[in-house]
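Read through the structure below, which is laid out as structure tokens, and then see the notes.
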There are 2 protein chains.
Amino acid sequence: MSENRLSSSEFPAASHQDGDAASPRRRGSRKSAGGVTLRDVAQLAGVAPITASRALNTPSAVSPKVLQKVREAVEKTGYVPNLLAGGLASNKSRLVAVVVPTVIGPVFQEIVHTLTETLAAAGYQVMLGQSGYENSREDALLEAIIGRRPDGVVLTGIMRSAEARKRLLASGIPVVETWDLTPTPIDMLVGFSHEAIGREVARYLHQRGRKKVAVVGGRDERSQRRMNAFAQECVALGMHEGRAPLPMHHVTAPTTLGQGRQGLAELLQAQPDLDAIFCSSDLLALGVMIEAQSRGIAIPEQLAVVGFGDLEFSRDLQPRLTTVRIDGTGIGQRAARFIIDRAAGIEVAERVVDVGFSIIARDSA
Amino acid sequence: MSENRLSSSEFPAASHQDGDAASPRRRGSRKSAGGVTLRDVAQLAGVAPITASRALNTPSAVSPKVLQKVREAVEKTGYVPNLLAGGLASNKSRLVAVVVPTVIGPVFQEIVHTLTETLAAAGYQVMLGQSGYENSREDALLEAIIGRRPDGVVLTGIMRSAEARKRLLASGIPVVETWDLTPTPIDMLVGFSHEAIGREVARYLHQRGRKKVAVVGGRDERSQRRMNAFAQECVALGMHEGRAPLPMHHVTAPTTLGQGRQGLAELLQAQPDLDAIFCSSDLLALGVMIEAQSRGIAIPEQLAVVGFGDLEFSRDLQPRLTTVRIDGTGIGQRAARFIIDRAAGIEVAERVVDVGFSIIARDSA
DNA sequence: GTGAAAGCGCTAACAG
DNA sequence: CTGTTAGCGCTTTCAC
């Protein structure tokens with residue numbers, strides 16, 4: 001059994017003179033990477049490594065004199081702490097894994113951006129992972145994440161497999177799920193109800209007297225849930241005969257403007273007298289608007305259009321797009337706070353937060 | 001929190017009994033993080049830790065029998081290697097830092113996406129950093145990056161300060177700069193010439209008989225360089241009298257559709273007879289198109305519009321947008337390859353690659 | 001093919 | 001406030 005303890009005779013006591021023992025290389029052992037280490041800084045400052053460490057991490061715990069000497073040594077040597085080593089020793093990696101289906105497309109940008117910024121300000125780095133819209137790569141991704149021992153994981157609209165969820169939970173890493181209100185959160189949750197959105201949009205259109213509604217939506221699960229709730233509520237409100245299903249055009253995520261154009265074209269073919277369309281993204285909505293325009297269909301007079309996401313451009317379209325706004329920044333900030341607090345040992349009271357949504361009523365509906 | 005560490009008594013020593021010396025905890029020293037370690041796996045498999053390590057990292061270097069036993073032990077314990085520890089010992093972090101001005105906005109999505117995917121496939125994780133469009137936060141970001149000892153850094157359109165560049169170079173980390181062809185690359189470079197784009201677009205419009213051109217562009221440096229080269233070439237081609245400066249509307253990055261609308265409005269006020277506009281992003285171009293439309297200006301008949309970026313939606317606009325295409329995927333792949341090769345000890349022959357660009361001629365110009 | 005020893009660079013724990 | 005000691009969990013080196 002390897003007892004890899006170092007006999008003290010190999011370590012000349014650091015306090016008294018040690019002649020050429022200052023050389024960090026003993027015997028013919030290991031090649032050092034060549035960088036400046038804390039040891040070098042400490043030596044230059046004339047203190048023990050741990051003191052130099054304290055000067056850098058808890059300046060208030062050392063004397064001003066030592067603090068200054070260490071800082072000078074850092075300056076002189078260009079020392080940059082090795083966070084890998086620090087993380088290993090302290091069991092805090094200061095790394096947070098952020099997983100999104102994809103960074104392509106505008107949907108998750110706001111969350112990724114906010115997390116990166118907020119966490120960076122608190123001394124954390126973001127490790128980005130893309131899960132894709134299929135579940136196949138989740139396992140490999142999870143392994144890569146857990147292997148880094150992050151101080152937290154933020155999951156956005158993903159991690160379906162029960163196996164993966166169990167593993168994450170077992171790892172003991174704080175997990176924040178976002179972008180949905182799942183019934184059985186792994187750990188913490190910041191999201192909103194896709195069903196509520198579908199219902200609310202149906203009521204919105206109903207109030208405005210629309211009678212012939214249809215949907216263009218992504219095939220991903222969350223989009224489906226919005227769409228189905230929307231359809232159900234439409235039936236409940238008498239906007240649609242329960243017999244035939246509500247006209248729906250399904251597209252593959254991530255959604256595109258082109259899909260929106262095509263969607264309207266196909267829906268119109270089946271049902272030329274549509275007077276309202278709910279799209280599962282603003283990009284789809286823009287496509288619908290452009291297609292309508294090129295066919296001489298007036299928006300909102302003849303056709304009402306509602307999007308989802310409230311992208312930056314939506315307010316500047318002609319007509320301005322009515323859409324559903326999700327506060328991605330707010331979600332990102334709360335998720336970051338959850339993890340930061342947890343790392344600081346603060347137990348969060350509210351582990352599930354519904355950030356809600358709002359329908360931004362503009363001109364298109 | 002479940003302390004799911006397996007005490008050695010739960011793992012019968014497979015080789016020979018070694019009393020309580022097998023206990024990894026000596027004295028009242030350090031608390032272990034609670035995870036399964038390689039040591040646990042090795043013990044369960046009845047081999048030395050180093051052998052278990054080899055079974056996982058270089059399976060071909062151990063006997064099939066050992067390989068199987070180790071794999072079973074991994075399975076049974078749910079062991080996930082601690083990459084922090086591995087990185088510290090091997091001096092390879094398998095981490096690549098990717099720095100972009102911001103992930104908000106469509107410009108850098110393709111690069112971030114491709115890098116994340118390509119590097120993940122090769123066993124690397126992406127650490128995301130946002131530098132903003134000002135240079136102020138570069139230092140802190142750099143410190144955070146170098147501290148992780150990444151195996152590579154990909155810089156996209158940033159790192160202006162000479163100080164920061166020097167520090168990166170001194171750190172010895174392979175660096176790939178992208179999105180530009182700087183005269184003095186830090187290390188490796190995959191980019192294109194913003195000046196060449198400006199000139200080429202000017203010629204394109206000249207060939208199509210445009211005479212009164214203007215520009216809507218971001219204030220960031222790269223955009224400026226495109227715009228200035230464009231203006232210069234316009235003068236050279238006689239499209240603009242050298243006396244007055246070319247009409248330019250400057251906007252703050254990241255660019256938006258709204259800025260495009262406003263840009264056209266203001267340019268038109270000063271120069272009502274414009275017949276062509278070069279925008280520094282497709283989003284700006286879309287704004288220009290929408291504004292033109294709402295004013296009854298026909299595109300391309302009365303006004304030609306050229307964008308930059310060839311966003312996914314541009315081909316589906318009405319009229320379809322003529323724009324400049326940059327192969328973000330190609331850039332990402334090359335950048336990833338540079339770093340992977342370098343980590344493998346392969347010296348790359350071509351350290352500077354010009355990926356060029358192409359003008360996608362569609363209907364708007 | 002396998003293993004013992006010796007750290008990678010840092011911090012927690014416990015003294016003084 | 002400062003230092004000593006003992007590792008964090010892994011891999012490199014060198015020996016068998």
Between [N] ([atom2]) and [X] ([atom1]): distance, integer Å:
X: Gln43(B); N: dT2(C); atom1: CD; atom2: C1'; result: 17 Å
X: Leu88(B); N: dT12(D); atom1: CG; atom2: C1'; result: 12 Å
X: Leu56(A); N: dT2(D); atom1: CG; atom2: P; result: 13 Å
X: Lys92(A); N: dC10(C); atom1: NZ; atom2: C1'; result: 14 Å
X: Arg94(A); N: dC8(D); atom1: CZ; atom2: C1'; result: 17 Å
X: Ile146(B); N: dG9(C); atom1: CD1; atom2: C1'; result: 17 Å
X: Leu38(B); N: dC8(C); atom1: CG; atom2: P; result: 19 Å
X: Arg39(B); N: dG3(C); atom1: CZ; atom2: P; result: 15 Å

Counting just side-chain N and O atoms, does [X] come under 4.0 Å of either OP1 or OP2 of [N]?
X: Thr51(B); N: dT2(C); value: no
X: Thr37(A); N: dC8(C); value: no
X: Ser53(B); N: dC10(D); value: no
X: Asn82(B); N: dC8(D); value: no
X: Ser63(B); N: dT2(C); value: yes

Roughly how far, to the nearest 0.5 Å, is [atom2] of [Y] from [atom1] of [X]?
X: Gln43(B); Y: Leu38(B); atom1: CD; atom2: CG; result: 11.0 Å
X: Lys166(B); Y: Ile186(B); atom1: NZ; atom2: CD1; result: 12.5 Å
X: Met127(A); Y: Leu119(A); atom1: CE; atom2: CG; result: 12.5 Å

Above 12 or not: heavy atoms from other molecules or residues under 6.0 Å from CD of Glu75(B)?
-> no
Please say whether more than 12 non-hydrogen atoms of neighbouring residues, nucleotides or ligands are located less than 6.0 Å from CD in Glu72(A).
-> yes
Toward the 5' end of DNA chain D, by each residue's nearest nucleotide, Ile50(A) or Ala61(A) = Ala61(A)
Does Ala48(A) or Leu83(B) map to a spot on DNA chain D nearer the 5' end, using the closest nucleotide for each?
-> Ala48(A)
What about Arg149(A): does its side chain form a donor-acceptor pair under 3.5 Å with the base of dG9(D)?
-> no
All heavy atoms of Tyr124(B) vs all of Leu95(B), minimum pair found to be CD2-N, 4.1 Å
Lys/Arg-Asp/Glu bridge criterion (N-O < 4.0 Å) met for Arg351(A), Asp187(A) = yes
Of Ala85(B) and Val62(B), whose nearest nucleotide on DNA chain C comes first from the 5' end?
-> Val62(B)
Answer with base, sugar-phosphate or nothing: what part of the nucleic acid does Pro81(A) contact at a heavy-atom distance below 4.0 Å?
-> sugar-phosphate
Can you check whether Ser93(A) reaches Arg148(A) side chain to side chain, under 4.5 Å on heavy atoms?
-> no
Take the C1' atoms of the five end pairs on each side of the helix from dG1(C)-dC16(D) to dG16(C)-dC1(D), derive the two axes, and give their angle rounded to 10 degrees.
-> 20°
